[in-house]
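Working notes for the structure below.
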There are 2 protein chains.
Amino acid sequence: MATVPSSSPSTGATIYSVAERAGVSIATVSRVLQGAGTVSSKTSQKVLDAVDALNYVPLGAARSLAVRHHEAHGLVLPELSGPYYSELLIGFESRAAELGQSVTLMLTEGKGDIGRAVRQLATRVDAIAVLGSAAMPPAVARALHGQKPVVIIAGTPQDGIEGVGAENAASAERLTEHVLAHGRTRLLFVGDPAGAPDIADRHVGFVAAHAARGLVPAAPVRVAFREADGRAVAERLLSGELEADALVCANDELALAAMTRLQDAGRDVPGDVAVVGWDDVMTARYVRPGLTTVRQPVRELGAVAAERLHDRVAGGAPRLEPQVLATELVVRTSCGCPRP
Amino acid sequence: MATVPSSSPSTGATIYSVAERAGVSIATVSRVLQGAGTVSSKTSQKVLDAVDALNYVPLGAARSLAVRHHEAHGLVLPELSGPYYSELLIGFESRAAELGQSVTLMLTEGKGDIGRAVRQLATRVDAIAVLGSAAMPPAVARALHGQKPVVIIAGTPQDGIEGVGAENAASAERLTEHVLAHGRTRLLFVGDPAGAPDIADRHVGFVAAHAARGLVPAAPVRVAFREADGRAVAERLLSGELEADALVCANDELALAAMTRLQDAGRDVPGDVAVVGWDDVMTARYVRPGLTTVRQPVRELGAVAAERLHDRVAGGAPRLEPQVLATELVVRTSCGCPRP
DNA sequence: CTGTTAGCGCCTTCAT
DNA sequence: ATGAAGGCGCTAACAG
């Protein structure tokens, strides 16, 4: 017969109350709940009945303390607008769940002290994945590194912190070359390479494609990647401040906003200006002309991140080389290709 | 001088190692870290230094066990496609963070045993918000209810479980009346009222608007709300199986897919058929004609849910009446309104 | 202002 | 197959 140290009925059932009701020891209850050890089916049933009757919900914190694992992964995202982050989150959560890990999410946007928030997060998870190095002050990254496994998604791996990402430079080069092959000569890269590591990579590809033809592209139009920024770029084009016969945008939001503004002003896309983007968001296939863009395996990226964390928590060594997933060029008609 | 029970350097610093290094007791360390009690600034600094030197990250589980609170809220979402869920999540996370709560996310899509997953979640959070009652088997809802505070978002409140949601019926009625006022007579409701509680409410409004004019609408076209379903409905319209001069769709994905397919087949929207939707997704303002739809304060909805959970955890009583937020009709031109 | 000392609920050897 | 008992790291009285 088990002893119940202090039964607080209001607080809900504990392993003690379950044991008491089932007439067994707490060790037995623990065994049947964990499926560990061997328990006679008769005893097991008694325990299960008690659990059911008491509506027992184990206290995760107590278990975590005992097993010395949170069984949870942390994911730090800058924000959640557009399909990119959602897809990443889906992939991450799904894989984490398959591996028996919960996921605790943190959005940095709007948080005053990101460092504090991340440390707080570190308090309750076994490992952390962060999207883009910019989202997390390097100091925090270093602090966490060595304490908990950390992987950076789509960011520049720093100080030997493991990274996973999608291929950017090569597909940017392919995309740019595709536009160049349409006879366009004055391409403009819209987006700030300094804003995010993967944007930087895309710009590298953009430049490389030009270089391959002995060309030197104009300087990038450094803007953030919201729709408003895309509209603003279109305005600058319309006013003559900027000149181009093709816009290679850092993402689809930018491309769509620019394209639509241009069209509303009477410009022909792609006749007057070709416009291409990145991400293949839903809208990209609804607009006319359809937006030529690059599709990234974002969901898989999230899954890979979750997997790496799990492996690291299990004692696996960090990979030295970042894992990079392939991307795919999606050609529609905004680039100047004829309608199918 | 503090005693360190068992120092495992590999496992990272504990409150004991910090105390030892700072030459104080663990109680003092706890005090400065929690900002509770009073500690001389000199001692405080010593502790902070030790924390820093050891790169101490407290173990959340231990704290949770001691304070008997997880300081975390759970959020259960069916999936994460489209902007609706993301917005909700943003609102929820932001408000939760402001209240000092972490958020643990769970997606039911793809999970075999949702009940098991929810119970597992309940293990590590103080309270749970669930989107749509359909996502969580009633049995689980009952089991959790009484154990942990639960609020249902945009679902039919059951058994006195608290609910929060956006207004649906009245705006659906307004939207439908708007279409009717354009002289349309054969409206079709596209979406399955049985699929989700808020769809049911929208259908109620749809019927009410007809009733107000002494009309009886056709039976709803019961389909899920993915793009493929919208295209399928368009096909049935094109083939003559379905007949209508206006489509009132349960959400924008459906509306956009149907509208585009119709246009690709040469139909004029809104000339031949008006199409309206729900949610005001990004694409809605990019397509031509612009999609007339209804905007919901989704982000705020998430915030309210987080707030309610927090209040309940603090001992607040569940609200008897569901909290419902106002929605807004967004009139563009797909309904038949003239271009501005 | 600071140290001592019980627990918090669960897991896990070690006996039996 | 089952029970007893120690410990996981931290908080919160209670003393001093």
Side-chain angles (χ1 to χ4, degrees), chain A residues 1-20 22-47 51 54 56-71 120 122-124 126 147, chain B residues 1-20 22-47 51 54 56-71 120 122-124 126 147:
Chain A
M1 183 70 157
T3 320
V4 179
S6 71
S7 55
S8 4
S10 62
T11 302
T14 70
I15 198 173
Y16 289 99
S17 43
V18 172
E20 185 175 37
V24 299
S25 74
I26 62 165
T28 298
V29 174
S30 181
R31 284 188 192 103
V32 348
L33 261 33
Q34 303 309 319
T38 41
V39 183
S40 79
S41 60
K42 195 179 307 175
T43 309
S44 187
Q45 194 52 53
K46 278 192 302 183
V47 171
V51 164
L54 265 32
Y56 171 56
V57 177
L59 195 59
R63 174 183 165 82
S64 293
L65 184 55
V67 303
R68 301 165 70 86
H69 271 315
H70 295 282
E71 296 171 322
Q120 161 64 28
T123 256
R124 32 177 62 262
D126 297 316
Q147 296 296 114
Chain B
M1 182 70 159
T3 320
V4 179
S6 70
S7 56
S8 2
S10 61
T11 302
T14 70
I15 199 172
Y16 289 97
S17 44
V18 172
E20 186 175 37
V24 300
S25 75
I26 60 166
T28 298
V29 174
S30 181
R31 283 188 193 103
V32 349
L33 261 33
Q34 302 309 319
T38 42
V39 184
S40 79
S41 60
K42 193 179 308 176
T43 309
S44 186
Q45 195 52 54
K46 279 192 301 184
V47 171
V51 164
L54 265 32
Y56 170 56
V57 176
L59 195 58
R63 174 182 164 81
S64 293
L65 185 54
V67 302
R68 302 167 69 86
H69 271 317
H70 294 282
E71 295 170 321
Q120 161 63 28
T123 256
R124 35 177 60 263
D126 297 315
Q147 295 295 116

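This is a predicted model, so every value here is computed, not measured. The basis for the numbers below is simple: all heavy atoms, side chains too, and nothing from hydrogens, waters or symmetry mates. Every chain is numbered from 1, with letters handed out A, B, ... down the list of sequences.
Separating the OH atom of A:Tyr16 from the P atom of D:dA5 is a distance of 12 Å, rounded to the nearest angstrom. Atom CD1 of A:Ile26 is separated from atom P of D:dA5 by 11 Å (rounded to the nearest Å). Between B:Gln34 atom CD and D:dC10 atom C1' there is a gap of 9 Å when expressed in whole angstrom units. Remark: C1' of D:dG6 and CZ of A:Arg68 are 14 Å apart, rounded to the nearest angstrom. If you take CZ of A:Arg63 and P of D:dG9, they are 16 Å apart, rounded to a whole angstrom. The distance between atom NE2 of A:His70 and atom P of C:dC10, rounded to the nearest whole Å, is 17 Å. Here C:dG9 presents its P atom at 16 Å from CG of A:Leu33, a figure rounded to the nearest Å. Rounding to whole angstrom units, CD of residue B:Gln45 and P of C:dC1 are separated by 16 Å.
Both B:Arg31 and B:Leu59 lie near DNA chain D, and the one whose nearest nucleotide falls closer to the 5' end is B:Leu59. Map B:Leu65 and B:Thr28 each onto its nearest nucleotide of DNA chain C; the residue landing nearer the 5' end is B:Thr28.
Taking each heavy atom of B:Leu54 and B:Ala13 in turn, the nearest pair found is CB-CB, 3.9 Å.
Not one side-chain nitrogen or oxygen of B:Ser25 sits closer than 4.0 Å to the OP1 or OP2 atom of C:dT4. Distances shorter than 4.0 Å separate some side-chain N or O of B:Ser30 from OP1 or OP2 on D:dT11.
Considering only side-chain atoms of B:Ala27, the nucleotide from D:dA13, C:dC11, D:dC8 that sits closest is D:dA13. Comparing C:dT2, D:dG9, D:dA12 by their closest approach to the side chain of B:Ala66 singles out D:dG9. You'll find that the side chain of A:Val24 is closest to D:dG3, out of D:dG9, D:dG3, D:dT2.
For the atom pair B:Leu33 CG and B:Ile15 CD1, the distance stands at 7.0 Å (nearest 0.5 Å). From B:Ile26, atom CD1 reaches atom OG of B:Ser17 across 11.0 Å, with rounding to the nearest 0.5 Å.
A:Thr38 comes within 4.0 angstrom of a nucleotide base, judged by non-hydrogen atoms across all strands. When heavy atoms are screened at a 4.0 angstrom cut-off, A:Thr43 is found touching the sugar-phosphate backbone but no base atom. Nucleic acid contact class of B:Ser40 (heavy atoms, under 4.0 Å, all strands): sugar-phosphate only.
Remark: side-chain polar atoms of A:Arg124 are paired, donor with acceptor, to backbone N or O of B:His70 under 3.5 angstrom.
Donor-acceptor pairing under 3.5 Å is recorded for the side chains of B:Thr43 and B:Ser40.
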